[in-house]
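Because the structure is predicted, anything quoted here is derived from the model rather than measured.
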Amino acid sequence: MEENSINNQIKYPCTWHYKIIGSDKQSLHLAALENINKEFIQTPGKESSGGKYHSINIAIEVESRKERDLIFQALQKDSRIKFVL
């Protein structure tokens with residue numbers, strides 16, 4: 001399926017989910033608070049077997065694809081976050 005077909009199936013506003021991964025839970029929490037300028041729900045994610053990586057799940061109401069992408073980009077640019085899914 002083409003990207004445009006997938007995006008046409010998403011109806012906004014909707015709840016969008018991000019998973020952020022990094023080496024410190026507290027830093028991830030602060031990074032989310034500092035980069036997302038609206039209310040969101042945060043739940044703990046998993047920890048790697050060696051304890052090196054932690055994840056946090058974020059659920060947020062987005063109004064458009066543009067807003068969804070801007071949040072993703074802001075999270076991706078934060079040095080405390082290793083991966084954004």
Side-chain angles (χ1 to χ4, degrees):
M1 197 177 267
E2 283 186 28
E3 181 180 339
N4 288 337
S5 298
I6 293 170
N7 287 321
N8 290 336
Q9 294 175 7
I10 299 172
K11 303 293 182 205
Y12 295 98
C14 68
T15 301
W16 199 258
H17 299 270
Y18 301 93
K19 180 183 292 275
I20 57 174
I21 301 167
S23 58
D24 180 71
K25 286 184 215 178
Q26 184 64 22
S27 293
L28 289 175
H29 174 71
L30 290 173
L33 287 174
E34 292 171 12
N35 287 290
I36 301 173
N37 298 320
K38 60 192 292 186
E39 286 189 39
F40 60 91
I41 298 171
Q42 175 184 303
T43 56
K46 295 183 179 183
E47 182 178 307
S48 65
S49 59
K52 185 175 180 179
Y53 293 105
H54 305 272
S55 67
I56 292 176
N57 301 306
I58 296 169
I60 186 168
E61 185 82 12
V62 293
E63 301 296 323
S64 65
R65 178 181 178 190
K66 181 178 180 179
E67 181 183 27
R68 184 187 88 197
D69 290 346
L70 287 172
I71 293 168
F72 181 86
Q73 290 166 5
L75 293 170
Q76 197 173 39
K77 288 178 184 176
D78 193 299
S79 63
R80 296 169 288 190
I81 301 171
K82 303 292 183 204
F83 303 99
V84 181
L85 306 173

- Task: Say whether, by atom type as modelled, one donor and one acceptor occur between the side chain of Lys38 and the main chain of Glu61 under 3.5 angstrom.
- Result: yes
Please tell me whether [X] and [Y] are part of a single hydrophobic cluster in this structure, the criterion being side-chain heavy atoms less than 4.5 Å apart.
{"X": "Leu70", "Y": "Val84", "answer": "no"}
{"X": "Leu33", "Y": "Phe72", "answer": "yes"}
{"X": "Trp16", "Y": "Ile81", "answer": "yes"}

- Item | Least distance between heavy atoms, Ala32 atom then Ile20 atom | CB-CD1, 4.2 Å
- Query: Where is the tightest heavy-atom contact between Lys82 and Ser79, given as atom of each residue plus distance?
  - Reply: NZ-O, 4.3 Å
Could you grab the distance from atom [atom1] of [X] to atom [atom2] of [Y], nearest 0.5 Å is fine?
{"X": "Ser48", "Y": "His54", "atom1": "OG", "atom2": "NE2", "answer": "6.5 Å"}
{"X": "Glu34", "Y": "Ser27", "atom1": "CD", "atom2": "OG", "answer": "9.5 Å"}
{"X": "Arg80", "Y": "Leu75", "atom1": "CZ", "atom2": "CG", "answer": "10.0 Å"}
{"X": "Ile41", "Y": "Ile60", "atom1": "CD1", "atom2": "CD1", "answer": "10.0 Å"}

- Please lay out, stage by stage, how Tyr18 and Ile36 fare under the test side-chain contact (heavy atoms from CB on, under 4.5 Å). CA-CA 11 Å; Tyr18 301 93; Ile36 301 173; 5.6 Å; no
- Item | Option among Ile58, Ile56, Asn57 that satisfies the side-chain contact (heavy atoms from CB on, under 4.5 Å) test with Lys19 | Asn57
